Amino acid sequence: MKVPAAFPGVSIEALARLVGGEVRGVCKELLVGISGIREARKGQLTFLANRKYGQELETTQASAVIVGLQFPETDKPLIVTPNPYLAYARIAQFFAPQPSRVRGLSPRAHRGEDCRIGEDVSIYPFVFLGNGVEIEDGVTLYPGVFVGDSAHIGKDSIIYPNVSILSGTIIGQRVIIHSGTVIGSDGFGFAQDGMTHVKIPQTGIVQIDDDCEIGANNTIDRAALGKTWIKAGVKTDNLVHVAHNVVVGENSLLIAQVGISGSATIGKGVILAGQVGVAGHITIGDRVMVGGKSGVAKSIPAGEVVSGNPTMPHQTYLRTRTLIQHLPEMGKKIRSLEDRIRFLEAEIKKGREKDHGDR
Amino acid sequence: MKVPAAFPGVSIEALARLVGGEVRGVCKELLVGISGIREARKGQLTFLANRKYGQELETTQASAVIVGLQFPETDKPLIVTPNPYLAYARIAQFFAPQPSRVRGLSPRAHRGEDCRIGEDVSIYPFVFLGNGVEIEDGVTLYPGVFVGDSAHIGKDSIIYPNVSILSGTIIGQRVIIHSGTVIGSDGFGFAQDGMTHVKIPQTGIVQIDDDCEIGANNTIDRAALGKTWIKAGVKTDNLVHVAHNVVVGENSLLIAQVGISGSATIGKGVILAGQVGVAGHITIGDRVMVGGKSGVAKSIPAGEVVSGNPTMPHQTYLRTRTLIQHLPEMGKKIRSLEDRIRFLEAEIKKGREKDHGDR
Amino acid sequence: MKVPAAFPGVSIEALARLVGGEVRGVCKELLVGISGIREARKGQLTFLANRKYGQELETTQASAVIVGLQFPETDKPLIVTPNPYLAYARIAQFFAPQPSRVRGLSPRAHRGEDCRIGEDVSIYPFVFLGNGVEIEDGVTLYPGVFVGDSAHIGKDSIIYPNVSILSGTIIGQRVIIHSGTVIGSDGFGFAQDGMTHVKIPQTGIVQIDDDCEIGANNTIDRAALGKTWIKAGVKTDNLVHVAHNVVVGENSLLIAQVGISGSATIGKGVILAGQVGVAGHITIGDRVMVGGKSGVAKSIPAGEVVSGNPTMPHQTYLRTRTLIQHLPEMGKKIRSLEDRIRFLEAEIKKGREKDHGDR
């Protein structure tokens with residue numbers, strides 16, 4: 001996974017321009033890669049994302065360092081930028097090796113009838129394309145990918161091995177789907193008939209908009225009617241479940257093992273941390289953040305930060321979860337208060353009886 | 001996903017007969033499909049599952065509506081039935097387009113030795129059948145399906161792309177298994193040998209009975225000895241885990257991301273909501289309902305409704321989970337009681353001293 | 001799944017030697033298999049792992065029984081050993097049927113350029129090997145396995161159907177990976193750019209050391225830089241998620257549906273029970289045990305046993321979770337204490353007023 005030795009490298013000035021940063025100091029070397037601050041070697045760039053690791057600036061072997069606007073004094077050549085982590089992302093993309101790709105449609109792939117396949121695609125052996133499939137320019141379909149009838153995959157999307165994209169699915173441009181993920185499986189819908197469950201045909205679709213990235217072994221169910229909709233820029237981690245008719249708003253993040261029940265609506269820029277569960281038919285407003293392992297049972301207004309099962313304001317949750325550990329003491333305290341009150345009651349009674357006696 | 005234009009449609013009377021319902025009003029049009037009450041167009045049927053949406057009856061474009069026994073006054077032609085949701089399911093099945101199917105065994109599938117393959121099967125390219133596999137009539141195996149040695153798949157079952165059915169598995173009739181699911185992986189069984197773990201061979205099987213539907217990316221492990229057994233009519237949602245030697249009773253529902261530990265026994269008609277975890281070797285009685293995210297640590301008698309981690313009666317859980325949010329106040333209250341008692345104790349003491357002084 | 005009828009069986013003495021046990025009584029039969037104490041038939045061996053099932057020793061049909069050092073009086077022939085469960089594991093391995101295997105590289109598999117493939121491998125149809133892949137001797141790759149460029153799979157490892165092993169992955173010897181698992185998918189790493197998320201290229205790898213067993217439908221992400229590292233002897237159950245740059249120490253057990261966030265370090269011999277979630281960048285010490293469904297938010301020192309969300313000492317957790325169910329009573333008790341104090345306060349006040357009046 002290294003840049004080929006033949007690559008002559010690039011100047012610090014060129015990289016600074018790429019990320020809109022400013023160069024401090026002089027770096028005569030050409031830079032050939034980027035790495036962690038401890039792992040970086042001579043000729044590589046690194047980044048200081050967190051000032052608390054400032055002392056590593058002196059010990060790193062890197063030839064130059066990306067830093068934020070506030071940075072420690074140093075002799076190292078620097079690229080200064082307001083968002084060093086973002087600059088790292090962009091420069092790492094620049095250095096990232098382009099994986100080798102086959103060109104065209106492998107003769108060992110299966111092409112259905114009436115497929116429309118664009119230019120410069122990479123369709124590997126053991127890919128199956130159903131009838132009426134549309135594959136736009138520059139798409140990569142790795143081995144074992146299944147694309148059902150009438151599905152559409154937009155420009156420059158990358159579908160990793162053993163992904164199943166069921167019939168009718170619409171996938172936008174520059175979408176990445178990691179291995180083992182299932183898009184367009186039937187939603188979980190049954191009508192009760194006495195003891196047994198009668199399947200409700202799931203005749204809707206899944207639509208995934210531009211620039212989404214879907215993790216490995218996700219399951220995104222097709223709608224009962226209409227569509228399950230993952231809007232532009234959404235990123236999901238691994239093992240995420242999205243039920244039928246869910247809508248996930250632009251640029252939301254669903255961390256690993258999140259599960260969203262049917263017909264829930266998730267706003268834009270929402271973050272659901274790992275293992276969160278969301279009940280059906282509720283609405284989570286824009287920019288809401290939900291802490292790990294929380295259970296969202298009711299709708300949440302835009303902008304709130306919540307945690308817990310059921311969810312509550314995150315600050316309440318933090319106090320609450322400390323108190324839960326003190327429940328045994330609380331119980332003890334209550335018992336001791338009872339004893340003291342019982343004693344007081346007896347005293348008062350005695351006092352009163354004495355009073356009566358006194359009279 | 002539409003009924004072909006050539007389809008002339010069907011009368012409201014025919015559809016009412018199909019679901020044992022009664023027609024009110026007159027509908028001269030032939031009906032050509034079914035859709036949501038807001039989405040339905042002229043020529044389509046819709047349904048009113050919940051009376052609170054009654055006003056939509058007047059605004060829907062649908063040509064006729066399925067309603068329950070209690071329905072608002074309307075001029076719309078109706079199909080009246082005690083269970084409109086069930087009627088919707090059955091009529092939607094009637095209208096659901098039959099997906100195109102290949103016929104027979106694709107030459108690009110692999111057929112092992114001594115396989116027995118029934119009539120009217122659809123076995124797609126890149127399907128692998130091991131030795132001694134039995135595939136009954138009408139079975140569909142989509143691309144990327146693996147069927148291990150000696151496995152059996154019953155009549156009219158549908159196995160979606162990239163499902164792995166390991167050796168010895170027995171699958172009944174009309175079973176549906178969604179993409180990416182693994183049936184018959186080894187159970188998680190090890191004997192401790194000092195620091196290391198020695199594998200216990202998992203030599204049992206998985207048996208899935210008639211009319212089950214297994215969601216996407218499930219994992220159902222084979223038994224250590226004997227069988228892991230999913231009984232008739234069970235429906236599982238996505239990303240469900242069933243460990244070795246588990247038995248799931250008839251018509252139970254396992255919602256998304258449920259995990260059941262080894263040798264647990266689940267009764268009939270049980271509902272485990274999303275992200276529930278069940279401990280090993282316990283028994284959950286018939287018709288038990290377990291709320292989302294619960295942790296079932298002990299056996300539960302038939303008919304109970306429980307929630308929480310660990311589970312408690314659902315009513316207790318509801319009270320408890322409100323109180324948890326009030327823990328900070330409870331703590332404050334206890335501290336204030338302590339203060340007031342301390343004051344009272346001082347008062348009483350003063351009183352007693354005064355008494356003594358008085359004497 | 002039975003030993004072939006032609007197998008003549010093996011003497012109890014030979015099996016006792018295999019496990020370092022001692023024979024009590026006389027067993028003239030040759031033993032042909034091992035089974036559960038209720039299921040075992042004449043000619044089979046069984047085991048008594050738990051003394052509380054001692055009475056089954058008299059009713060079992062088995063011809064001989066493996067027991068621990070303390071065992072009930074019986075006429076049955078016995079193999080006595082300090083760890084009967086371990087002896088069961090080893091003898092079951094001895095009796096376990098060897099699955100049939102194809103030999104060599106199937107012509108229907110895809111072999112990339114510059115691959116190095118060892119002796120005595122089983123590479124099934126529809127396996128895809130990228131360029132520069134190394135497959136050592138005795139490896140089995142079942143149908144639908146994807147092996148990315150430059151990946152390495154060590155001696156005698158078994159990769160089950162539809163596993164995706166992405167480029168650069170290093171897998172040790174005698175590793176087992178169950179179906180549907182994804183090794184080396186991109187870690188979940190993005191830098192914020194206003195509202196949108198910019199992908200951080202994940203250029204590291206996954207390394208899985210010798211004797212690991214990875215369950216079905218796991219996801220183990222490649223490192224952002226460097227490696228995600230599963231050390232020797234680790235066993236994971238199904239649907240486990242391991243994020244980028246995680247390190248899991250030797251012989252640790254990750255039970256079903258566990259999720260570990262990025263850059264967490266798990267020690268040796270750790271047990272994470274089902275559905276546990278671990279936060280990023282924390283350290284779990286050697287031999288720590290974490291109870292089911294727990295949320296590990298902070299580092300845990302070696303040797304601790306914890307539970308809960310957030311985790312606390314397991315003993316505290318047990319007390320706490322009982323008290324949670326008593327919260328409604330606690331609330332009632334506090335209210336009653338308030339009433340009683342209010343009454344006492346009134347009494348004292350009255351007493352004081354009377355005192356004043358008396359004067």
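Naming convention: chains lettered A, B, ... in sequence-line order (proteins, then strands); numbering from 1 in each chain. Every value quoted in this text rests on a predicted model; they were computed, and no experiment measured them.
Heavy atoms closer than 4.5 Å to chain C are found in both the backbone and the side chain of Gln325(A). Neither the backbone nor the side chain of Val145(C) comes within less than 4.5 Å of any heavy atom in chain A. In this structure, the portions of Leu239(C) lying under 4.5 Å from any heavy atom of chain A include both its backbone and its side chain. Of the two parts of Asp237(A), the backbone and the side chain both hold a non-hydrogen atom closer than 4.5 Å to a non-hydrogen atom of chain C. Only the side chain of Leu166(C) comes within less than 4.5 Å of a heavy atom of chain A; its backbone N, CA, C and O stay farther away. With a 4.5 angstrom heavy-atom cutoff, Ile348(A) touches chain C only via side-chain atoms. Contacts between Val147(C) and chain A at a heavy-atom distance below 4.5 Å are absent for every atom of the residue. In this structure, chain A has a heavy atom under 4.5 Å from the side chain of Ala297(C), while its backbone stays farther away. Neither the backbone nor the side chain of Ala223(C) comes within contact range of chain A, judged by heavy atoms closer than 4.5 Å. Of the two parts of Leu225(C), only the side chain, counted from C-beta on, holds a non-hydrogen atom closer than 4.5 Å to a non-hydrogen atom of chain A. Contact annotation for Tyr85(A): both backbone and side-chain heavy atoms come within less than 4.5 Å of a heavy atom of chain C. Interface residue Tyr317(A): only side-chain heavy atoms are found under 4.5 Å from chain C. Proximity to chain A (any heavy atom under 4.5 Å) is restricted, for Val127(C), to the backbone atoms N, CA, C and O. In this structure, chain C has a heavy atom under 4.5 Å from the backbone of Ile34(A), while its side chain stays farther away. Neither the backbone nor the side chain of Ser106(A) comes within less than 4.5 Å of any heavy atom in chain C.
Side-chain atoms of Arg108(A) come within 3.5 Å of backbone atoms of Ala109(C) as a donor-acceptor pair (strictly under, hydrogens ignored).
Chain C forms more heavy-atom pairs under 4.5 Å with one residue of Ile341(A), Asn238(A), Ile324(A), Asn309(A) than with any other, namely Asn238(A). In terms of heavy-atom pairs under 4.5 Å with chain A, the best-connected choice from Thr316(C), Leu327(C), Val258(C), Thr322(C) is Val258(C). Per-residue counts of heavy-atom pairs under 4.5 Å with chain A were compared for Gly295(C), Pro310(C), Ala279(C), Pro313(C); the largest is that of Pro310(C). Per-residue heavy-atom pair counts under 4.5 Å with chain C were compared for Asp211(A), Leu253(A), Leu344(A), and the maximum is reached by Leu253(A).
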Quick one: side chains of residues 179-201 of chain C, donor-acceptor pairs under 3.5 Å with protein atoms, not counting sequence neighbours, listed by atom name and distance.
| from | atom 1 | to | atom 2 | distance (Å) |
| --- | --- | --- | --- | --- |
| Ser179(C) | OG | Pro161(C) | O | 3.1 |
| Thr181(C) | OG1 | His178(C) | O | 3.4 |
| Thr181(C) | OG1 | Gly215(C) | O | 2.5 |
| Thr181(C) | OG1 | Asn217(C) | N | 3.1 |
| Thr181(C) | OG1 | Asn218(C) | N | 2.8 |
| Ser185(C) | OG | Asp221(C) | OD1 | 2.7 |
| Asp186(C) | OD2 | Lys199(C) | NZ | 2.8 |
| Gln192(C) | NE2 | Gly194(C) | O | 3.1 |
| Asp193(C) | OD2 | Arg90(A) | NH2 | 2.7 |
| Thr196(C) | OG1 | Asp193(C) | O | 3.2 |
| His197(C) | NE2 | Asn251(A) | O | 2.8 |
| Lys199(C) | NZ | Glu213(A) | OE1 | 3.3 |
| Lys199(C) | NZ | Glu213(A) | OE2 | 2.7 |

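Surrounding CE of Met312(C) are more than 12 heavy atoms belonging to other residues, nucleotides or ligands, all under 6.0 Å away. More than 12 non-hydrogen atoms from other residues, nucleotides or ligands lie less than 6.0 angstrom from NZ of Lys235(A). Heavy-atom contacts from other residues, nucleotides or ligands closer than 6.0 Å to CZ of Arg38(A) number 12 or fewer. The neighbour count for Gln61(A) CD, taken as heavy atoms of other residues, nucleotides or ligands under 6.0 Å away, does not exceed 12.
We find the CG-OG distance between Asp149(C) and Ser100(A) to be 4.0 Å, quoted to the nearest 0.5 Å. Distance check: Glu338(A) CD to Arg340(C) CZ gives 6.5 Å after rounding to the nearest 0.5 Å. In this structure, the separation between CD1 on Ile334(C) and NZ on Lys333(A) is 11.0 Å, given to the nearest 0.5 Å. Expressed to the nearest 0.5 Å, how far CZ of Phe126(A) lies from CZ of Phe146(C) amounts to 11.5 Å.
For Ser294(A), the side-chain hydrogen bond (donor to acceptor under 3.5 Å, both in side chains) criterion is met by no residue, not counting sequence neighbours.
A pairwise comparison of heavy atoms in Asn162(A) and Gly144(C) identifies ND2-O, 3.2 Å as the closest pair. Gly259(C) approaches Gln275(A) most closely through the heavy-atom pair N-NE2, 3.7 Å.
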**Prompt:** Passes side chain to side chain contact (heavy atoms under 4.5 Å, CB included), Leu323(C) versus Met330(A)? Steps please.
**Reply:** CA-CA 10 Å; Leu323(C) 285 172; Met330(A) 256 168 96; over 6 Å; no
